[in-house]
Every structure is written in structure tokens, then in C-alpha cells.
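In what follows, chains are A, B, ... by sequence order, proteins preceding strands, each numbered from 1.
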Amino acid sequence: MSPSNQAASLLTVTGLHKSFGANQVLKGIDFTVHTGEVVALIGPSGSGKTTALRCLNGLEIPDACTVAFAGGPEVAFSAGFKPKQAQILRQRSAMVFQGHHLFPHLSVLQNVTVGPLEVQKRPRAEVMEQATALLARVGLADKAQAYPNSLSGGQQQRVGIVRALMLKPDLLLFDEPTSALDPELVGEVLVVIKELAQEGWSMVLVTHELAFARDVADTVVFMDGGVAVETGPASQVLAAPQNPRTQAFVQRLLHPF
Amino acid sequence: MSPSNQAASLLTVTGLHKSFGANQVLKGIDFTVHTGEVVALIGPSGSGKTTALRCLNGLEIPDACTVAFAGGPEVAFSAGFKPKQAQILRQRSAMVFQGHHLFPHLSVLQNVTVGPLEVQKRPRAEVMEQATALLARVGLADKAQAYPNSLSGGQQQRVGIVRALMLKPDLLLFDEPTSALDPELVGEVLVVIKELAQEGWSMVLVTHELAFARDVADTVVFMDGGVAVETGPASQVLAAPQNPRTQAFVQRLLHPF
Amino acid sequence: GGSPDSGGTPDEAGASALQKVKDAGVLTVGTEGTYRPFSYNEGSELTGYDVEVIKAVGEKMGVEVKFQQTQWDAIFAGLDAGRFDVIANQVAINPEREAKYLFSEPYTVSTGVIVTKSDNTDITSFESLKGKKTAQSLTSNYYETAKAAGATVEPVEGWAQAVTLLKQGRVDATVNDKLTFLDAQKTHPDDSIKIAAEAEDKTDSAVALRKDATDLQEAINTALDSLRADGELAKISEKYFGEDVSK
Amino acid sequence: MDSNWQLFLDSLWPLTQAAITASIPLAVISFAIGLAVALLMALMRISGSKVLSSVARVYISIIRGTPLLVQLFVIFYGMPSIGLTIDPWPSAIIVFSLNTGGYCAEILRAAILSVPAGQWEAGYTVGMSRTRTLYRIILPQAARVAVPPLSNSFISLVKDTSLASIILVGEMFRKAQEITAVTFEFMLLYCTAAGIYWVICLLLSALQNSLEGRLEKHVAK
Amino acid sequence: MDSNWQLFLDSLWPLTQAAITASIPLAVISFAIGLAVALLMALMRISGSKVLSSVARVYISIIRGTPLLVQLFVIFYGMPSIGLTIDPWPSAIIVFSLNTGGYCAEILRAAILSVPAGQWEAGYTVGMSRTRTLYRIILPQAARVAVPPLSNSFISLVKDTSLASIILVGEMFRKAQEITAVTFEFMLLYCTAAGIYWVICLLLSALQNSLEGRLEKHVAK
Ligand SMILES: Nc1ncnc2c1ncn2[C@@H]1O[C@H](COP(=O)(O)OP(=O)(O)OP(=O)(O)O)[C@@H](O)[C@H]1O
Ligand SMILES: Nc1ncnc2c1ncn2[C@@H]1O[C@H](COP(=O)(O)OP(=O)(O)OP(=O)(O)O)[C@@H](O)[C@H]1O
Ligand SMILES: [Mg+2]
Ligand SMILES: [Mg+2]
């Protein structure tokens, strides 16, 4: 699964800086996602993983950063940046939220088709066909007409994933997609993500499930204090971390008590 | 840590039945907690673990059940049962909630002392001394004057545990005390619970952390569909479950993807 | 436009008040519509003494009369704002009002009466109101009269409320227009109240106009004079009060 | 007593008629326009722009801080002095709309803020603009929270229309006063009017309940 | 214009005095009593008892469904017919308290229900009774949610006290009318009164903000 070094780079993030007031959360992060690659962001709480991911989708406006997708657009964030420009990033990537954030007043089918139909203005027939296929793909064929409230947490998160896939993004962004789930329901979502990775989707994944990251990710970026402390192949960073901070973190999560 | 068979029984629950409307959630559960014993309730979501625990603290009124504490009271729930009678159960046991439910408008110190001072009417000096000691014990000596909002989830849950200990109960009830926590914070709470178990506190513990249950519990009760499907020493039920349902459940949690 | 010696101040359009009424062919009148027997609604029809008088005036002037019914609170504000040309609602003439508004010749001359419970014996004159409680409509002239007599005045919305307070024993008396009392007794005979005393001086009520409407004032006076001359005014008065109250 | 009963029956239809032809249409139209004003003000308050937010703040404060009666007076009797003469009905609609706008702005603001921020972000991430997210995602959810207090405001508005008589609108309370002027039975007439208001309010509450029920179903838990 | 200015200055003190001696005390006392009534009604509504809950429902519906003016009329002019004659001030306080009670009951109910059920249970588990949990745990937290709408109600109440003039309470609006009875400057006096109301409301809003700020700090997130 590890992409060869020759794989085309899909996304290049350079010099990602972000402060909230006086709190400097990201102090210059660089990383690259190759086509078909799975990058896992790990690190202690408050280290800026979520913030970094949100910047990629323009949900947070970095203070400075260049986000370049292969084949454009290249977005350079700087002082005079207008929030509207962020919208072009969203044409290339799609976010799956920790708390799924499904639209509670829309049915499952409406949830996943509202973007393609009303924003992307794609033909209805094509969108419906895609939706039916994807819902079936994650085991929710019979839930198309249901409302999010009537679904279990795991089902909701799978709908969230379909909603993102429906946008046909080049890159999927996952922010701890299982951390709000019942322990028993974690598995069903991880299985879906694992299959997507195997199908060749490019993704950036924030997770605390180290076992999962080791299994699925090609590259792991360990963040701490707003800096990418250690970056490398998953097997290496998680099994034999070099940096003492990485070591402590991995140790704490694998042996909590 | 396993209590000898001769250990005095502290709590005997017989014939615990509970329905919500037409939904029969508990269909007759029996179990015993010996003094100093740790009993873990495990089982799939919706199997009635939380409901069973809440019945022990009178937060849910069983349809039928006898709850007998050694040395009294023995409470027999039946049709004409008055919610007020449940209060006598709360003099023997104390609950630590999944979502901690600290009182947000009271300081940490007030949170843990409001019960002993205002309900139990114990002398102020004694209560303060106990509170200081217990807060120090869980590593929160410096947080006495802080408000719950300013604490991390793990700190909040530790305060929740101190609040329960302050009541000097004979039995501690834990409902998934770490499931609402950040993965990194789980450890600090589990460590406290493990120490309490080692100090000889009797407790009933609902948990999805199978590794923890195996390490800390003396007895494991596996519930499914409102019935105690399998009961036995922790090492046996978790490592070599007899019942196929227990086997499937344990398998699913230990190898999620 | 009005002739310079008429005193009519031309407004921004250059037309005098009278000219505007003539041009429109309509005299707009502000009135309460809830003040029996002067201005009230019988079914859906606005009627009453003041209403009929001003209608007759309009006829003499050769214009149509249109009514705007509003509360007393708003009636002078309405006149100020030009919502109507005149007020016909038993507006009593007094110095404060004359300082701000023009008045036509009076078309009602009446007296104030003190109304008490029938069994009341200690109120026999305006002097004996001193220290007593009376209920007065703020809108009426008698509010000041009662105050001047040394009474504690409870302001109320109208006759019905005043009488209710009187009968409930919450006030000792109400000073009111004699005509109102007589009309009320005619339609709702009630022997638990009586007239305890009558004022010596008369109260004149007239049509009120804006300060600048002198030519309209003249036109109305002319109309009133001819109504008086041909007996029309007396006839309307007879209809409502059984006597001529117009002088 | 008998004649009271007769009077009650006699006045029932005129009062009801006034309610149907004046009070209710006045309330409904003003409420509809007022809601639009309220939404605008609420959005200005949340906008993040200091200027817009201050303007909305001052507007809301004046509307809520001064009696409705005075607002009616100023528009109807005060405006002509600056050359703007507005007819009774338009005046009434303007004042009641602006008033509703001020009162409901805070309700809508709170309702919009009550929708989790994640819903905005989910809207953005499927490519929606701010405006589309507002209309398609946020407002339908805010509605559930807003309906009960809005319904309160509407019920108040229905009763407040009685003040319109001061600017020559012949609504129900005015009708009751007219009848009272002839019969002097103000208690009876006012109570009858109150009864009619009550019936209207009961209908509105029923409507509110059914609306809440419908919105409830699909709200995030 | 000059004489208007003079009149404005002359009337400022009498109006303010009336506000201080009548309008404000009336509003404050009625609001305090009304809150107690509202709490009672709110608890009846949540109680689970069908009877209590229905009683509260009907009460709230009548209060909200009928004009305040009529409520004042009924207590002051209507009660004597059943042999109960109540003085103006007590009448006003009764009516405004009952009215506040009806309006605020729903606010308090919603606020109490907004406190997570877990807080009740946490109260029970430390041994508290229902009542103690309510006062010690639930109400302090409900306060944060209740303050903004309660402050709305209070501001409305301040303005509504002007209706007390109808039952002979000499509050500010009545004072304005008395002055105008002589001078006829309704617009000017009403606007002056409105200005005073506005100042009171600004003060109340400031109070509300500081109260909210204080309550905000320790609320569950
Ligand atoms: N909108 C915001 N305003 C102010 N500070 C913020 C905001 N969002 C995040 N922060 C701060 O930025 C820092 C990094 O937060 P972030 O959520 O990115 O961390 P994280 O690595 O995702 O942590 P976790 O594992 O807990 O999700 C934290 O100190 C947080 O308090
Ligand atoms: N207050 C209630 N009213 C109605 N049904 C309830 C209530 N509480 C629980 N239930 C139902 O009772 C069943 C058992 O719930 P319970 O919370 O005890 O399960 P659990 O084993 O604790 O599950 P989990 O692992 O998800 O916490 C579920 O079907 C649930 O829907
Ligand atoms: Mg995060
Ligand atoms: Mg549970």
C-alpha cells in the first residue's frame, strides 16, 4: 500500500501557520499527500491536528500557508485573504467530521445529494444512481429515506462518509471519525475507511486509534505543540518512534493503565 | 485480588426486572457483590447494563427486585413502591456517571462537599479534611477552588469519583467512567479506579474497556438482551468465554477492524 | 389663495385652510365616536349632537363632511398633524386651549353638575367638594373644575367608568356635563345617583381649529349663524336633549 | 341579567367581524413583514461587523424600550410634521411590523445561534455559500427553537392591535368601546372582546403545537 | 419650539417622580411576586400530575390569551359585584403579578427542562431530595437560560404598568396625560415618557448583561 516515491503528489502544504489570538497553534507545518496515499495525523490533544485539517478545507483560514493541489488551484493564504476564496479548496477535498454533523432535517438521501444537486448542479439521475450505489456500499441501502435521528452513531458516521464521497473529491479529510462513537460501533466505520483506503482514495486522517493508523496509513505525521515533530512511514513512527515525545505519546495510548 | 468464597456478601440483588413501556429491558437479573469485590458488567449496547446499575442507586425504580445490603436495608421493589424509599439505597452506594455530571455552578470543593455537609450534615472540619485528602489523592489538590468548566475531562471525572467517595458509601457504582473522555485522558481515570480497587473498595463497574476489566475486576457479568448470559471470574469470562454471544462480543471489541 | 386681509396664513402649497376644504369638497372632522350623546355609534352609524351639527355646517358650506374617529388622547395630535380640519367633540373653550387653537362660536352651552349617590347628603355645592374624591374624565373641562374646588381627582376614561366608581363607593362624586347625565338617565334610568349641585357658570363648547385656519373659522361661524337663524340648530338640540342647548 | 345576555349576543357578531376584518389581518400582515425585519436585524447582530451590529442593537433597544402606543403616535401624528402623511392602515402595519421586528430579532438570533456551529461547517464542506447554508440548513433547524417564543410574540401582537384604534384603525377593541359608549356596559363588552382574543390565542397555540410537533421530528438530538 | 422645550423641562421631573414612586415600584413588586407564581406554575406543569398540569395550562392560557387591560378591569371593576372591593394599588399588584406569573411560567419551565437530567440525578446520588436538588442544583443553572427572556418580560412589564392608570394608579403615563389635559401637547409628553421608559430599559438591559455574564461563567459546556 505504501506509494512508491514516484507517485504523483496530490497536495502540497507549505508553511502552515495559524494563531487564535495570542495562542500560536500551528507554527509552520509542511507535508505532502500523494495520490492514493493515506496520511495519518496523530498527536496529543491540543496539538493542532484538527486545526490543520480544517485549514485544508478552508474551514479555518491560516495566517500563512500555501495549499497547492496538483493541477491547481494553488491557494496562498495571507493577510488579505477572503473567506470566499476558501470555497475553491472545497471543490477538491471533502471533510468527514468527528460528530458527523448530518443535517437532521433532511433524509439520508437528501443529506448525501444536497451538495451534488444544489451546489454542483449535476444531473439528478446520475446523482441518484451514485447515491444509491454508495449507500449500498456502506451497508445502508435501506436507510435512504430514514432521518439521521433514527440511525445509530455508526450508521450516521457512514452516511457522513457517503456525503463526502458524493462530492467526488480528490482528497478525503477525516477528523477522528470514530471518537464520538460507542466502542462497539467503531469497527463498522473503521472497516469502511479501510476499504476506501484500499480502493485508492487519498486521505488525511486525524485519529487516536493507533492500531488502525498502523494498519491503514502509509505515512504518519506526529504533531506536538503546533509542530510536526516526526514524519515517516506508519510502521516506523508507530512501532519504533525516534522522537522521545512520540515515544511517550504512543506508550500512553497503547498502555493506558 | 479475587475475594475468597468466604468473603462477606455486601449486596445481593435478586430478580431484577425492569420495563420501559412495552420494552422489557431487564428480565430477571441476580448477582451478589462481596465486600471488597469488583464486579464488571459488560455487554452490547442496549443490553441493560446502565439500567441495572441505576436500579441499584434508585435512579430507576425496578418493576420487581430485592436489593439487600448486608446489615440492612433490604429494599423490596414492587408495584406500590414510592420513589422516596429509593433514598435509603443512596446511603449505601454512590454513583459515578459516564458524563460525570459535576455541578457547574459549584467549585470543585463545593461539588465534593455539598453532599456530606448539606445532606449528611457531617461536621465541617471533618468534611474539609476528607475532601482535601481525597482531592490530593487523585492529583487535584490545587484544583479545589476551580470550577468544573476549567478542568479537562479526565480531571472532571476524577472529581466525580471524589464526590462519590466523600459520601463514604459501602459500594461504588461506575457507569462507563471513561467512555466520554479523550483517549489520552482515559488512562488517568482508570489508574484511579484501579487503585481504589486495590485499596479494597467494593464496586460495580460498567465498562467497554475489556483490557481494564480483565485487569481490575474479580467477577464479570456478561449481559445481553436483559439477561445475565454468563457470570464468572474475569479471567475466565474475558479470556475464554463459554457462551457464543459472549465470544462474539469480546471478539468484536478486541479486534474492531 | 385667501385674501391678505382674511388673516389666513397660506400653507406651503399657497392655499388657505378654507380653500383646501373647498377644493377637496370635504371637511374632515375629528371626533371620538364614543361620547354619548354628542358623538357615538348607533349600530354602524356615527351619530350624536355634535355629529349632526357639524354635518349641517358642512351642508351650509357646500362641502361633504367626513369623520375620523379617534381617542381623546390623539384628537389634538390629529388636528396638529393635519389628519383632520376641525374637531367636533364638545371641546370646551378655555384660556389654555384658546392660546393654541382657534374656536368657532359655541354651539353648546351647558353647565357642570355634581353627581353623587342618591343617599349622599354632605355634598351640596362645589365648595363642599373640598377634600372629597371625585372621578373625572381627563378629557373634560370639569377635571380642572373639580381640582379647583379642592377635590382629590381620580382620572377616568369616561362617564360609564365614573359612575361605576361612584356606585362602588370608590369616589364620592363626579363632576360632569349636565347633558351627559340627563341623556344617561333617559336611556338607563338609575335612581341610585342624583344631581347634588349645579355650577353657576356655563361652559361653552365649540368647533376647534388650527391656529392658522382663520378663514375656515369664519366660514364655520357663518354657517353656524345661518343654522341658528333658520332654527336648524335648535331642532337638532331638541332632538337630543328636549331643549335648546345651543345658546 | 337577561338584557346583559342579549347585549352579549348582540355584540358578539360586530366584535367578531371587527376581529376578522381588522385585528387578525393587521396582526398577520405585520407579523409576516416583522419576521423579515427580525431576520435582517438578527443577521446584522451576528454579522461580526461592528457597525451593522450596533445599528441593529440600537434599533432593538428603541423598539423594546419605548411603548408601542408612542411608536404609533410618532408615525401617525409625528411624521406629518416632517411632511410625511401616512394613512391609518399603512401606519399601523409599519409600526406593528417594526415592533415585531425588534422583538423577534433577539428570538431569531438566539435560535440561529442555537444551531451547532458544525451545521454551518457541514454546509460549507458540501460547497454551500453562507447564504445558502443559512436558508437551506440553519433556518429550518432554528425554526424549532424559535417557534414557541415567536408564537408568544404573535399572540401578544394580536392583543396589541387593539392600540391601533388610536390611529383611526377600527379594530375590535374600538368596536367594543363604541358599543360601550351607548350601553355603558364596559365590563361586559370588554370581557366579550377578551373572550374573542382568547379563542384566537387558543387557535394559535394549537397551531403552534402542531408546528412544533412537525419540526421536532427531525431535529438533532 | 421654545415653549415646547420649556414644557419638556417642566414635565421631566414630575414624570420621573411618577416613574420612581409608582411605575418602578409597581413593576418590581409585581415581578417579584409574579416570579414566585411562575415558578409554582412551571413546577405544576412539569409535575407529571395530570390535574396540576392542566390547572397550570388553563391559567397560563387565560393570562396570555386575554388583554391585560381587561384583566385589570375585571379585578378592579368586576370584583366589587361579587362583594370584593380591592384598592387600586393592591389590584394593580395582583393583576400584574398574575400576569407575570402566566407569562414567565413557560420561561421557567423551559429553563428548568434545559438543565440536563443528569444534574437531577447527580443531586439525588449525593443524597439530596427533589426539593433540595431543585433549589440547590437546578434553579441556579436554569437561571442562565431564563435571564434573557425574563428580562424581556420585565421590560414589557415596566411599560405595561402604564395601563394601571385605568384603575386609578397614578403612574407615569397618567402623569403625562394629566399634564397634557391642560396643555394638549400629547406628542411631546408621550415622547418624554417614552424617553424615560427607554432609559429604564437601557438600565435593565445593562443589568441583564452583567447578570448573564456572571451566570455564564460556571455553566456546563
Ligand atoms: N476556534 C478556536 N478559537 C480559539 N482557540 C482554538 C480554536 N480552535 C482550536 N483552538 C485552540 O487551538 C489549539 C489546538 O486545537 P485543535 O483542536 O486543533 O487540537 P487537536 O490536536 O485537534 O486536539 P484534540 O486531540 O483534542 O482534538 C487548542 O489549544 C485549542 O484550544
Ligand atoms: N428512560 C428510558 N426510557 C425508555 N427506554 C429506556 C430508558 N432508558 C433506557 N431505555 C432502553 O432500555 C434499553 C437498555 O438501555 P441501557 O442504557 O440500560 O443499555 P446499556 O446496556 O447501558 O447500553 P450502552 O452500552 O449503550 O450504554 C435500551 O433499549 C434503551 O433504549
Ligand atoms: Mg481535534
Ligand atoms: Mg449504558
Side-chain angles (χ1 to χ4, degrees), chain C residues 11-13 28-48 51 66-84 89 137 156-165 167-168 180-181 183-190 193 210, chain D residues 3-4 7 10-11 13-15 17-18 21-22 67-92 95 162-191 193:
Chain C
D11 62 16
E12 61 270 26
T28 311
V29 178
T31 193
E32 276 189 281
T34 53
Y35 188 16
R36 192 188 163 105
F38 306 104
S39 164
Y40 63 101
N41 286 269
E42 192 78 74
S44 59
E45 182 115 23
L46 181 65
T47 183
V51 170
K66 212 180 112 205
F67 290 95
Q68 296 281 24
Q69 301 183 49
T70 186
Q71 274 146 262
W72 180 264
D73 284 14
I75 221 162
F76 285 98
L79 184 64
D80 291 344
R83 293 279 171 193
F84 24 84
N89 197 73
S137 174
V156 295
E157 298 285 307
W159 170 256
Q161 215 179 316
V163 169
T164 305
L165 288 174
K167 294 209 286 195
Q168 290 178 349
T180 306
F181 176 80
D183 178 69
Q185 284 296 20
K186 200 168 84 193
T187 51
H188 297 83
D190 184 349
I193 55 173
R210 276 187 298 279
Chain D
S3 80
N4 273 356
L7 177 59
D10 285 351
S11 58
W13 175 236
L15 290 185
Q17 200 177 21
T21 59
L68 186 50
L69 184 70
V70 175
Q71 295 166 12
L72 285 165
F73 251 88
V74 168
I75 295 291
F76 192 72
Y77 296 112
M79 287 290 123
S81 77
I82 60 162
L84 200 67
T85 303
I86 313 168
D87 279 347
W89 265 84
S91 296
V95 171
S162 65
L163 289 176
S165 65
I166 200 106
I167 60 165
L168 319 186
V169 173
E171 47 60 65
M172 176 165 59
F173 223 74
R174 164 78 199 181
K175 194 81 212 165
Q177 286 177 326
E178 285 176 11
I179 300 176
T180 303
V182 178
T183 63
F184 301 125
E185 292 292 347
F186 61 92
M187 276 295 290
L188 177 70
L189 264 293
Y190 285 7
C191 288

Completion exercise
Scored by heavy-atom pairs under 4.5 Å with chain D, the best of C:Thr164, C:Ile75, C:Val163, C:Asp183 is C:Thr164

Problem - Contacting region of D:Ser81 [heavy-atom separation from chain C under 4.5 Å] - result: neither

Problem - Under 4.5 Å from a heavy atom of chain D, the part of C:Thr187 involved - result: side chain

Exercise for the section: Report yes or no: does C:His188 contribute a side-chain atom to a donor-acceptor pair with the main-chain N or O of D:Phe184 at less than 3.5 Å? Expected result: no

Practice task
Against chain D, label C:Ser39 side chain, backbone, both or neither, depending on which of its atoms sit under 4.5 Å from a heavy atom there.
Solution key: neither

Handout entry: Considering all heavy atoms, the nearest D:Leu72-D:Ala92 contact
Key = CD2-CA, 4.5 Å

Exercise for the section: Could you look at C:Glu157 and say if it's the side chain, the backbone, both or neither that has a heavy atom under 4.5 Å from chain D? Expected result: neither

Exercise for the section: Give the intermediate values and the outcome of ring pair (Phe, Tyr, Trp, His ring centres under 6.0 Å) for residues D:Tyr190 and D:Phe173. Expected result: CA-CA 8 Å; D:Tyr190 285 7; D:Phe173 223 74; 4.9 Å; yes

Completion exercise
Bottom line for C:Trp159: the part with an atom under 4.5 Å from chain D's heavy atoms is side chain

Practice task
Show the numbers, then the answer: is there a side-chain contact (heavy atoms from CB on, under 4.5 Å) between D:Ser162 and D:Glu171?
Solution key: CA-CA 6 Å; D:Ser162 65; D:Glu171 47 60 65; 3.7 Å; yes

Problem - Portion of C:Tyr35 that has a non-hydrogen atom of chain D nearer than 4.5 angstrom - result: backbone

Exercise for the section: Please determine if C:Asp80 and C:Arg210 form a salt bridge, counting it only when a charged side-chain N lies under 4.0 Å from a carboxylate O. Expected result: no

Practice task
Could you tell me how the ring of D:Phe73 sits relative to the ring of D:Tyr77: parallel (under 30°), tilted (30 to 60°) or perpendicular (over 60°)?
Solution key: tilted

